[in-house]
Structures are given as C-alpha cells and as structure tokens.
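These notes concern the structure reproduced below.
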Amino acid sequence: MSKQEKTAIEPTREQNYAEWYQQVIKNADLAENSDVRGCMVIKPWGYAIWENIQRALDTMFRETGHRNAYFPLFIPKSYFEKEAEHVEGFAKECAVVTHSRLEDDGNGGLMVAGELTEPLIVRPTSETIIGASFAKWVNSYRDLPLLINQWANIVRWEMRTRLFLRTAEFLWQEGHTVHETAEDAMEETRKMLEVYARFAAEYLALPVIMGEKTEGEKFPGAVNTYCIEAMMQDKKALQAGTSHFLGQNFAKSSGIKFQGRNGEFEFAWTTSWGVSTRLIGALIMAHSDDNGLALPPKIAPSHIAIIPIYRDENEKSSVLAYCDRIQQLFAKEYFEDIKIYCELDDRDLTGSERNWYWIKKGIPIRLEIGPRDIESDAVMMARRDKEPRDKQSVGVNNLRDYVLQSLKDIQDTYYQRALSFREANTVQVDDNRKFYKFFTAKNAETPEIHGGFAESHWCGDVACEEKIKEDLKVTIRCIPFDAVEVEGRCICCGKPSRRRVIFAKSY
RNA sequence: CGGGAUGUAGCGCAGUCCGGUUAGCGCGCUCGGUUCGGGACCGAGAAGUCGGAGGUUCAAAUCCUCUCAUCCCGACCA
C-alpha cells in the first residue's frame with residue numbers, strides 16, 4: 001500500500017461527499033447550525049463572501065438601471081391568495097404570524113395573545129407585496145420600465161436543511177420589474193439571467209449553463225422560468241440563479257395597470273429574478289478540495305496570508321518587522337476592481353499549524369517568511385490552487401507584480417478546472433439503457449460519485465419527465481439556450497424530439 | 001409527515017445490556033516552559049442539572065413510563 005498524504009479534511013470527497021461538504025464549512029469557519037431549527041449562523045469568513053457577492057452584483061444591477069428599495073417582511077394572507085399557482089407552490093412552506101404579543105401565563109412563562117384579524121405570512125418571496133406597491137406607482141406608460149431590486153432575508157419552512165444549500169431562513173436579492181410590453185419584459189428576464197451568468201463566471205469562477213425550466217420545474221406563477229445551472233464536484237447540478245417572465249399574471253392579481261400610448265388602460269408585464277446565499281454553497285462545492293475551502297480571489301474575503309517563521313525572540317522581532325514591510329506592499333493595492341486584503345498571522349502557533357489554518361480557509365496566497373528568506377530578500381509563496389507543499393521563493397523586488405499575476409492565474413485556473421470537469425462529465429445519451437446505467441451507482445448501499453449531465457432527447461411530455469424522476473431521481477435541469485435543433489427520439493418514450501435537454505441529479 | 005437511530009464537559013465519544021465508591025477518555029481551553037519552513041511536546045489546571053419530567057430501588061447515566069430535541073433514510077423544495 002502506498003503512503004497516502006494526509007488531507008486536511010476527512011472524509012475526502014470520494015469517501016463521503018456530503019460529510020466532506022459539512023467539514024469544509026466547519027474547518028473554514030464559514031457558518032454553523034443555529035439552535036433555531038433549520039436556521040444557520042453565518043460567521044464572519046462566510047458573511048464576508050456574501051458581502052463580496054452583494055457588492056459585485058449590486059454594481060451590475062446599478063449598471064443595468066436598477067435601484068434598491070425595501071419592502072415588508074410580512075405579507076397579509078389575502079395578498080398571497082391572489083395568485084392561485086403562487087399559493088399552491090409556496091403554501092406548504094410558509095411561516096405564519098398569528099399573534100401580536102406575549103402575556104404572563106402565571107407560571108413564570110409566557111403565552112401568546114392578541115390574535116391578529118388577518119394572519120401575516122413571513123415572505124417566502126415578495127411578488128405579491130411588491131406588486132401591491134407597484135400597482136400604486138405605475139399609472140402611465142411613462143412610468144415604465146420600473147426597475148427595482150431588494151436585498152432581503154426570506155423564510156421557507158424546509159423539512160431537511162443543509163448549510164447554505166437549503167435553510168429555513170436565507171439571504172438573497174430579488175429583482176422586480178414592470179414593463180410596457182411582453183417583449184420588454186422578456187428582454188429584461190433574459191438580460192438579468194445573463195448578468196447572473198457573467199457574475200458566476202467572472203467572480204465565482206463558476207461556468208454555468210443558461211436555459212429554460214420545464215413546466216414542472218418553473219416558478220409558481222411564472223409564464224417562463226430561466227436558470228443558470230452549474231455542476232458540482234459530485235457531478236450533481238445546482239441551480240445557481242433564476243429569472244422569471246411573469247407575463248401579466250401578477251399584474252392582474254395585484255392590479256398593476258397603466259394607461260398606454262393609445263390612451264387605453266392595460267395590464268403591465270412583470271419579471272422577477274434572484275440569487276441567494278446558496279451561491280456560497282455552489283462556490284464551496286465547485287472549487288474546494290480535500291484540504292478544505294478554495295476561494296476565487298475575486299470573491300475571497302482576504303487574499304494573502306503572511307506566516308512569519310521564527311525560532312526565538314530575537315528572530316521573532318526581526319522577522320515580524322520584515323513581515324510588516326511586506327504587508328505594507330499590499331496595503332493600498334487592487335486586483336482588478338477588488339481591494340486586496342493581506343493578513344499577518346503572528347499567532348503563537350507552529351508555522352505549519354498556521355499554514356494549514358489558511359489552507360483550510362481557502363485563502364488564495366500564503367507567504368511564509370523566515371530568517372532564511374530575509375537573508376536573500378525573498379519570501380516563500382504558496383498558492384491555494386497548487387499542492388500545499390508546492391512553494392517557491394519570490395524576490396521581494398517583484399513580489400507585488402508576481403502576487404497580482406498569481407491572483408489572476410488562480411482565478412482563471414479555478415474557472416478552467418470547473419469547466420473541464422463539467423465537460424468531462426457531460427455526455428450525449430440516446431439509448432434508454434445507457435441513460436439508466438449512467439445515472440445508476442455501482443454500489444447501491446453507499447453510492448459512489450456517479451452520473452453527470454446527460455444531454456438527451458425529450459418529447460416535451462410531463463409524464464416522461466415524471467417517470468425519469470421517479471425511477472432515477474434525475475430531472476431536466478434546463479432546456480439550454482444553445483441547444484441545437486436536431487431530430488431525435490425521447491430518451492423515455494421514444495417519440496420524436498427536436499432537441500436535447502440537460503438531465504441530471506440535483507440539489 | 002412516515003421509517004431508523006442518538007441525546008453523558010465547548011467538540012467527539014466510552015460507560016447503559018447485567019443498577020453499587022469521587023462518571024471517565026481524546027481533542028479543545030487556561031497557566032508555565034521548551035518549540036515553530038508538513039499539522040509540536042512536557043508539566044499543571046478549569047470545566048458535567050449524564051436532554052427533561054415522573055416512577056421502581058437502600059442505591060439510577062444504567063431499569064420502567066411519558067416527553068422534548070437532534071441526526072440519518074424517504075416524501076417536498078432555491
């Protein structure tokens with residue numbers, strides 16, 4: 001048996017992917033489960049990632065003409081009831097507020113009192129409450145388009161939760177827009193999906209597939225739902241963002257009407273689109289390895305960790321003074337539009353312990369600095385996208401440029417790796433038996449990582465979609481925008497089909 | 001909401017079957033010292049309503065009843 005290098009995270013991805021995911025989060029100190037059932041506490045290192053996501057996306061929303069606003073957390077039940085499909089989709093996972101105060105129960109405890117005349121629903125999404133405002137704001141075609149975004153928390157009462165991927169309360173942004181014509185609304189829907197795709201690629205180093213959801217998978221109340229889908233390292237798909245063309249459904253239920261160019265009143269056309277803290281889950285599962293979190297520089301809370309190495313007090317003072325100078329090198333530096341943060345880790349721990357600490361946190365670059373380096377006016381640099389012991393000496397005179405270039409390289413490497421991985425695990429399948437084999441684990445008891453994205457023909461019948469879901473837990477992730485028109489036969493029933501769709505197991 | 005399991009120190013566990021001194025162990029934490037470029041070591045120390053309530057008993061972490069919570073597997077979902 002060959003000697004295996006010890007990994008920082010146990011189990012490895014191969015051994016137990018779900019547990020590996022939890023351990024990466026724990027070891028990087030991103031978040032933890034709260035005492036409140038199904039809710040998470042996002043810790044500073046994890047929250048900083050969310051803040052970076054917010055900053056980048058918010059800039060992109062501004063550039064596309066959107067403005068931020070804030071709407072109530074509570075939605076009156078009657079508002080919610082107005083859109084039938086919407087109700088059906090969310091009814092089973094709503095937290096409902098029915099009382100307005102607490103009273104002494106006489107036993108040192110409290111009892112609820114003050115029943116509300118109308119229950120309030122804690123928003124699972126805000127179409128209805130925002131629609132009520134929009135109905136007042138929109139009177140004329142001159143008021144359109146109305147382009148609003150909200151950063152908020154929402155609640156969906158989930159039975160089973162996983163940190164970042166599915167929690168009862170989570171953070172997101174929801175864009176809500178109103179347009180004069182169906183074409184304008186559709187254009188907005190597509191435009192914002194492209195914004196998401198660009199953000200995922202450029203900041204999260206996450207290649208995504210843009211496409212349309214099937215009837216069964218679309219947002220309750222939408223006419224069309226579009227999505228970006230990414231492949232995780234266990235070859236499952238993760239929906240990383242959605243954009244909905246709502247037609248006139250919500251305009252009708254909320255009464256969003258305007259006087260058009262011909263003087264007639266008509267219902268407006270609306271859209272909504274969102275991404276959530278789930279993106280952090282995507283980030284983790286796309287790039288991290290068996291040594292822990294790996295963060296693309298453009299979204300990392302911090303970019304460089306300086307790790308001083310010394311033996312005694314004498315060395316300590318000279319090494320720390322030198323490290324301080326190195327830290328100053330990056331004090332006002334930018335990597336593209338990202339401000340560089342450089343940590344000096346002078347905690348009283350062994351060098352390797354501090355080293356592994358930062359590896360597990362996913363910091364892109366580590367600089368080990370000891371007496372030997374100072375003599376040659378250099379530092380030992382290690383990159384998170386390479387092996388932990390793969391370090392090289394870099395002269396201080398060109399350290400700044402070298403680090404900046406390395407950050408760019410790391411960002412590119414993560415994107416390319418994720419893209420190659422997805423391509424290597426995407427197959428065209430036209431044979432029903434091969435399809436079933438592709439999505440069936442060899443080891444049924446503890447399934448190994450298997451499957452991937454299957455590009456296969458689908459006739460368009462919901463029954464076929466349902467059957468495959470029931471048999472394999474595989475669903476149609478999307479009908480890709482770039483799917484080519486090609487004759488084929490449905491992977492399930494064999495009836496004619498005009499294009500391939502993407503099948504995968506999903507989160 | 002159905003099936004299975006588990007609640008003992010901050011975390012991970014042993015002890016429960018077969019009741020019996022002061023409830024242990026590893027990690028972490030605190031203090032002191034030696035260390036520090038592949039995950040250090042030595043010494044000392046703090047820390048527990050044994051998930052909760054009731055019962056059986058001279059005696060309960062251990063047996064009985066009820067209850068609460070969490071995790072896993074399903075069904076449902078961003």
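Chain identifiers are assigned alphabetically (A, B, ...) following the order of the sequence lines, protein sequences preceding nucleic acid strands; residue numbering begins at 1 within each chain.
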Next item on the list: Go through the steps for A:T161 and A:T167 under the test side-chain hydrogen bond (donor to acceptor under 3.5 Å, both in side chains), then give the verdict.
Entry: CA-CA 5 Å; A:T161 59; A:T167 48; over 6 Å; no
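- Here, B:rU56 and B:rU62 have their C1' atoms 13 Å apart, quoted to the whole Å.
- For the pair A:R123 and A:F80, the NZ or CZ position fails the cation-pi test of under 6.0 Å to the six-membered ring centre and within 45 degrees of the ring normal.
- Among the protein residues, A:A240 comes within range of no part of the nucleic acid, since none of its heavy atoms lies under 4.0 Å from any strand.
- The base-pairing partner of B:rA60, taking Watson-Crick or G-U wobble contacts with both distances under 3.5 Å, does not exist among the strands shown.
- Between A:W356 and A:K316, it is A:K316 whose nearest contact on RNA chain B lies nearer the 5' terminus.
- Using a 4.0 Å cut-off between a side-chain N of Lys or Arg and a carboxylate O of Asp or Glu, A:K469 and A:E465 do not qualify as a salt bridge.
- The partner of B:rU6, taking Watson-Crick or G-U wobble pairs whose two distances both stay under 3.5 Å, is B:rA69.
- Within 4.0 Å (heavy atoms only), A:T167 reaches at least one base atom of the nucleic acid.
- Counting to the nearest Å, the P atom of B:rC11 and the CG atom of A:N33 are 13 Å from each other.
- A:D348 comes within contact range of at least one nucleobase, with a heavy-atom separation under 4.0 Å.
- Contacts of A:L349 with the nucleic acid, taken as non-hydrogen atoms under 4.0 Å apart, include base atoms.
- Between A:F219 and A:E127, some side-chain heavy-atom pair lies under the 4.5 Å cut-off.
- In this structure A:Q392 satisfies the side-chain contact (heavy atoms from CB on, under 4.5 Å) test together with A:V394, A:Y402, sequence neighbours excluded.
- For RNA chain B, the residues of residues 365-381 of chain A within the heavy-atom distance limit of 4.0 Å (strictly under) are A:E368, A:G370, A:P371, A:R372, A:D373, A:M380, sorted by number.
- For the C1' atoms, the distance linking B:rU67 with B:rA46 amounts to 34 Å, nearest Å.
- Within the nucleic acid shown, A:I307 has no heavy atom closer than 4.0 Å to any nucleic acid atom.
- Base-pair partner of B:rG19: not found among the strands shown (Watson-Crick or G-U wobble, both distances under 3.5 Å).
- The main-chain N or O of A:L163 is found under 3.5 Å from a side-chain atom of A:Y21 such that the two form a donor-acceptor pair.
- The P atoms of B:rG12 and B:rU6 are separated by 16 Å, rounded to the nearest whole Å.
- Rounded to whole Å, the distance from OH on A:Y357 to P on B:rG28 is 16 Å.
- A:R384 has a carboxylate O that lies under 4.0 Å from a charged side-chain N of A:D289, or vice versa, which qualifies the two as a salt bridge.
- In this structure, CD of A:E315 is placed 12 Å from P of B:rG37, rounded to the nearest angstrom.
- For the C1' atoms, the distance linking B:rC18 with B:rG32 amounts to 46 Å, nearest Å.
- Geometrically, A:K82 engages A:Y79 in a cation-pi contact defined by less than 6.0 Å to the ring centre and at most 45° from the axis.
- Among the atoms of the strands shown, base atoms are found under 4.0 Å from some heavy atom of A:F170.
- Two residues, A:R354 and A:P220, neighbour RNA chain B, and the one matched to the more 5' nucleotide by heavy-atom proximity is A:R354.
- For residues 225-237 of chain A, proximity to RNA chain B is found at no residue, defined as any non-hydrogen atom under 4.0 angstrom from a strand atom.
- Computed from coordinates, the A:Q23 CD to B:rC71 P distance equals 15 Å when rounded to whole Å.
- Between the side chain of A:H66 and the backbone N or O of A:F61, at least one donor-acceptor pair lies under 3.5 Å.
- A 3.5 Å limit on both hydrogen-bonding distances identifies no Watson-Crick or G-U partner for B:rC76.
- B:rC63 and B:rC1 have their C1' atoms separated by 33 Å, given to the nearest Å.
- With C1' as the reference atom, B:rG55 and B:rA59 are 15 Å apart, rounded to whole Å.
- Counting only heavy atoms from C-beta on, A:E158 has its side chain closest to B:rC76 among B:rC36, B:rG38, B:rC76.
- B:rG26 sits 15 Å from B:rA14 when the P atoms are compared, rounded to a whole Å.
- With a cut-off of 3.5 Å on both Watson-Crick or G-U wobble distances, the partner of B:rC50 is given as none.
- B:rA14 is unpaired under the criterion used here, namely a Watson-Crick or G-U wobble arrangement in which both key atom distances are under 3.5 Å.
- Ion pairing of A:E32 with A:K26 is absent here, as no side-chain N (NZ or NE/NH1/NH2) approaches a carboxylate O to less than 4.0 Å.
- Rounded to whole angstrom, the span from the CD1 atom of A:I309 across to the P atom of B:rG37 amounts to 6 Å.
- In this structure, A:R347 atom CZ and B:rC29 atom C1' are separated by 15 Å, rounded to whole Å.
- Between the CD atom of A:Q392 and the C1' atom of B:rG37 there is a distance of 15 Å, rounded to whole Å.
- Taking the six-membered ring where tryptophan is involved, the planes of A:H86 and A:F90 are perpendicular, since the angle between them exceeds 60° and thus also 30°.
- Taking side-chain N and O atoms only, A:K360 has no distance below 4.0 Å to OP1 or OP2 of B:rG39.
- The separation of B:rA23 from B:rG15, taken at their C1' atoms, amounts to 8 Å, rounded to a whole angstrom.
- Between A:K391 and B:rG38 there is a side-chain N or O to OP1 or OP2 distance below 4.0 Å.
- Both tests pass for A:R190 against the ring of A:Y226: distance under 6.0 Å to the centre and angle within 45° of the axis.
- Base pairing annotation: B:rA44 forms a Watson-Crick or G-U wobble pair with B:rU30, both donor-acceptor distances under 3.5 Å.
- As a whole-Å value, the separation of A:E93 CD from B:rA75 P is 16 Å.
- A salt bridge between A:K467 and A:D471 is present, with a side-chain N of the basic residue lying under 4.0 Å from a carboxylate O of the acidic one.
- Neither OP1 nor OP2 of B:rC36 sits under 4.0 Å from any side-chain N or O of A:T350.
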